[in-house]
Protein chains: 2
Amino acid sequence: MGTTLSERKKQILRTVVVSYIKTAEPVGSRTVVRSQRMGLSSATIRNEMADLEDMGYLVQPHTSAGRIPSQLGYRYYVDNLMALDDMSGDIEREISITMSREKMREIEQIIVHSARVLSSATNQTSLIMGPQFKKSAFRQMRILPLEEKRSLVVLITDTGFIKNKVIDLQQQLSPSELQQVVSYLNQKLYGLTIDQVTTSLINELKRDLFRRLEILEQAFILLEESLKEEKQIRVFLGGTTNILNQPEFKDVDKIRRMLNLFEQEPLLFKILEDSSSEDNIVVRIGTENECEDIRECTLVTGTYKIHDKTIGTVGVLGPTRMDYGRVINVMRRLVDHLNESLSS
Amino acid sequence: MGTTLSERKKQILRTVVVSYIKTAEPVGSRTVVRSQRMGLSSATIRNEMADLEDMGYLVQPHTSAGRIPSQLGYRYYVDNLMALDDMSGDIEREISITMSREKMREIEQIIVHSARVLSSATNQTSLIMGPQFKKSAFRQMRILPLEEKRSLVVLITDTGFIKNKVIDLQQQLSPSELQQVVSYLNQKLYGLTIDQVTTSLINELKRDLFRRLEILEQAFILLEESLKEEKQIRVFLGGTTNILNQPEFKDVDKIRRMLNLFEQEPLLFKILEDSSSEDNIVVRIGTENECEDIRECTLVTGTYKIHDKTIGTVGVLGPTRMDYGRVINVMRRLVDHLNESLSS
DNA sequence: CTTTAGCACTCTGAACTTTAGAGTGCTAAA
DNA sequence: TTTAGCACTCTAAAGTTCAGAGTGCTAAAG
C-alpha cells in the first residue's frame, strides 16, 4: 500500500520527519525546499505535501501552519526511510566508555547503570526490566542453618543467579533431615525453569515426600514463598526528568500523568513485556501501544540475555517525535554491552 | 523575643497560617475577620497585620494583596501555635489499616510500603532511608561454599539483618581453612558496629592472621567489599508526583529541579541524615535546610528503629505551605508502626 | 501534463491594553 | 483604641492588535 510512494514523495516525507524531529516545529514548504538539493519550487512541494496529507502521512496542526508527521508517517519513516547509518564510532565509544568504566559486580548495579547510560545517550526516559528470574532453570538448592529455627535458603540457577531468603521453621530440622529434603528436591527440579515450578508440581512433590519424611511442610512453604516473591520484577528507570525537556510535555497535566505511570511498577512491567520481542528491536509508535497512557509516545524495546538466554527487556520511552535512528543505534550497542557484562 | 506577641496577634497569626495552608491564597483582613469570633473590624486586624509584617512574621507578595506567612511565621506557628490535636482516630485507623493489611516479611517491602502510606496520607513526597546496616552490630559471619571457587558470605547483625554476597575466590580454600578464618573473625568482630569495622581494623586483623594462615587475602577482600557496598544506602521515595499538585510547583522549571533532585540518591541521603535527630521529629523550614535545592521547602523528619536501635530516617518533603499538624501526626503514627513491623 | 509565480486568505502567538476586584494604608471621627 | 470611609495600588484575566508564517488556488510558463 504505502510503498506506492513516488521517490520524490519519499524524499519529502523524510525531510519533513527529520526536520520535525530536530526542531519540533511544523515544517513548511519553504523549509523543505531549503533543505533539499532537487531544484523544485515551494509551490510544487506544497502540492506534494497536500498529497501526503491526503494519504495520511502528514497532518496540519491548523490551516496555515506547516505539516507534522502523523503516526503513519513515523511508521513509514521507521520502516522505509530511516538511515541507520551507524555512526557507531561516536555512540560506540560513548557507551563502551561509560559501560566499562568500573567493573561492576552486582547485577543490580549493572542494570541501574545501563538505565542511566541509555537515558543520557538518548535524552529520553529509559526502562529496564530486572532479570527475570523465572525464566532461568533450576540448578541447585542449598540450605544453611543459622540459628535454631532459622535457615537461609539459597537457590542457584543456570544463569548464575543466586537468590536467597531467610526462613523461619516451625520445628527444628536436623541437618540430615534437611539434607535429605534438599537432595531430593535438587534431583527433581534440576533443569526446570522457575516458571515450570508451579504450585501443582510442588504439591505433587509434597505428597511424594510426605510418605518418607513428615516434617517437611515448612520446607515447602519456604520454597513456594521464595519463588512467589519473584513474581513481581523490578523495573529500573533512568532519566525520568528527560521528558520535561520535550516540548510536548510542557503541560503540567501531561507530566503528572506520565510521572504517575512511572510510579506504577507493575504497569511498566506489563508495558515492557507486551511490546518486546526476542532478538528484535521493536518500535511501537503512538496507538500501536496497548497501554492507554503512552498513546502519545513511542516505545522502543530490546531484550538482553545471560548466557544466551533472554532474561529481560530494556526500553526507551519518549514522544513520538523521537530520534528513531539514534535511539535504535544506542539500544543495539547497549544491549550488546549488557549481554557481555552479564554473562561474565 | 517572638514570645512577646500579644494574645491577639497570636490568634491572628494562627488564623493566617491556617488559612493560607488550606487555600494557598494570600489572606486579607476580611478573611481573618470572618474566621474569627472576636468582634473586631477589618481595620483593626489590618493594623495588627501590619505590625506582624514589621516583626517579620508575615509578608505581602505585593502591595494590595493579602499576607502570607514568612518562614519565621511558619516557625512561630510550628513552635507555639500549632494544635497537635491528635485526631488520632482518623489517622491512626487509616495508617494501621494499610500498614498491616498483609504481613510483609521482607524489610524492603515494608519500607516501600511505608513510603507509599506516608506520601498518600500527607499528600506530599516521602523519603525513607533504607536501614543503615552500618549502625548495626556484628553478630556472626558464615561462609557457604557453592562451587569450587565461589562462596556465599553471610553476615548477621544484632538487628536481625542478614546480608549476603557471593564472592569469587582466587584459590580454593578447604572447608577447614575457611572454618578457621570464620571463627577467628567471629570472635574478633562480635559486637562491633559495622561502622567500627574500619579498613584499619581489617588491616590489623589481616596482619595478625597472616602469620597463621596465608591464603586469606581473598577472604578479606570479600569482607571489605561486602561492607563497602553498603556505604551507599538506598533512599525510597513515595508520591513524587504529589509535588505536582502543589500550586507552588506549577512552574515546569521548578518541577524539573525537584525531580532532578529526586534522582540523586546520595544527595537525598545527605539531606535526610543532616536534618534528622534521634527520637525527635524535626521540622526544617525553608532556609533552615542545608541543601540549596530545598530552600523553598519544608522537610519533616523522624527516625525509626529496630530493636531499639535507631537505624534509619523517614522524611516528608513539601512546600513550606504544608499542613504541619497533619504531617507530624502522620509521621508519629507511621514511625510507631514501622518500629513495630521491623522489630518482629 | 507539470511546474511555478503570485496573491488573497487564514491562523497563531506575542505584545499591549483594559478592567474588575481584592486589598491596603491613612485619616478623622467615635 | 477602634472603626468607618475613601483614595490608591496591584494583579490576573479578558480582550485587542498585529506581524509572520504558511497555505491553497489560479493562471501563466515550460
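As the structure is a prediction and not an experimental result, all values here were calculated from the model. Every chain is numbered from 1 and lettered A, B, ... according to where its sequence line falls, protein lines coming before strand lines.
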Candidate pair Glu48(A) and Leu40(A), rule side-chain contact (heavy atoms from CB on, under 4.5 Å), full reasoning: CA-CA 11 Å; Glu48(A) 293 285 53; Leu40(A) 291 175; over 6 Å; no
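- A heavy atom closer than 4.0 Å to some atom of DNA chain D occurs in Thr44(B), Arg46(B), Asn47(B), these being the qualifying members of residues 44-55 of chain B.
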Run the numbers on Thr125(B) and Met258(B) for side-chain contact (heavy atoms from CB on, under 4.5 Å), then give the verdict. CA-CA 11 Å; Thr125(B) 300; Met258(B) 220 54 199; over 6 Å; no
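- Summarising the geometry, atom OG1 belonging to Thr31(A) is positioned 13.0 Å from atom OH belonging to Tyr20(A); distances are rounded to the nearest 0.5 Å.
- Under the side-chain hydrogen bond (donor to acceptor under 3.5 Å, both in side chains) test applied with Ser275(A), the options Asn289(A), Thr313(A), Thr301(A) reduce to a single match, Thr301(A).
- Taking side-chain N and O atoms only, Ser41(A) has a distance below 4.0 Å to OP1 or OP2 of dT4(C).
- Put simply, the side chain of Lys270(B) does not reach to within 4.5 Å of the side chain of Glu273(B), judged on heavy atoms.
- Where Leu40(B) and Gly28(A) meet DNA chain D, the nucleotide closest to each residue was compared, and Leu40(B) sits on the side nearer the 5' end.
- Looking at Thr240(B) and Phe262(A), their side chains never come closer than 4.5 Å, going by heavy atoms from C-beta outward.
- Take the nearest nucleotide of DNA chain D for Ser42(B) and for His62(B): the residue whose nucleotide is more 5' is Ser42(B).
- Pairs of Watson-Crick or G-U wobble type, with distances under 3.5 Å, assemble into runs of 3 or more in DNA chain C at these ranges: C:1-30 with D:1-30.
- With a cutoff of under 4.0 Å to any heavy atom of chain B, the contacted region of DNA chain D is bounded 5' to 3' by dT2(D) to dT11(D).
- Proximity of Val27(A) to Arg67(A): side-chain heavy atoms (C-beta onward) are nowhere separated by under 4.5 Å.
- No side-chain heavy atom of Asp323(A) sits under 4.5 Å from any side-chain heavy atom of Asn123(A).
- Within the 4.5 Å cutoff, the side chain of Val17(A) has heavy atoms near those of the Leu13(A) side chain.
- Across all strands, Ser29(A) comes closer than 4.0 Å only to sugar-phosphate atoms, never to a base (heavy-atom distances).
- At a threshold of 4.5 Å between non-hydrogen side-chain atoms, the residues Ile271(B) and Leu261(B) count as touching.
- Of the candidates dT10(C), dT4(C), dT12(C), dT10(C) carries the atom nearest the Thr63(A) side chain, counting heavy atoms from C-beta on.
- A donor atom on one side chain and an acceptor atom on the other are not found under 3.5 Å apart for Thr320(A) and Gln71(A).
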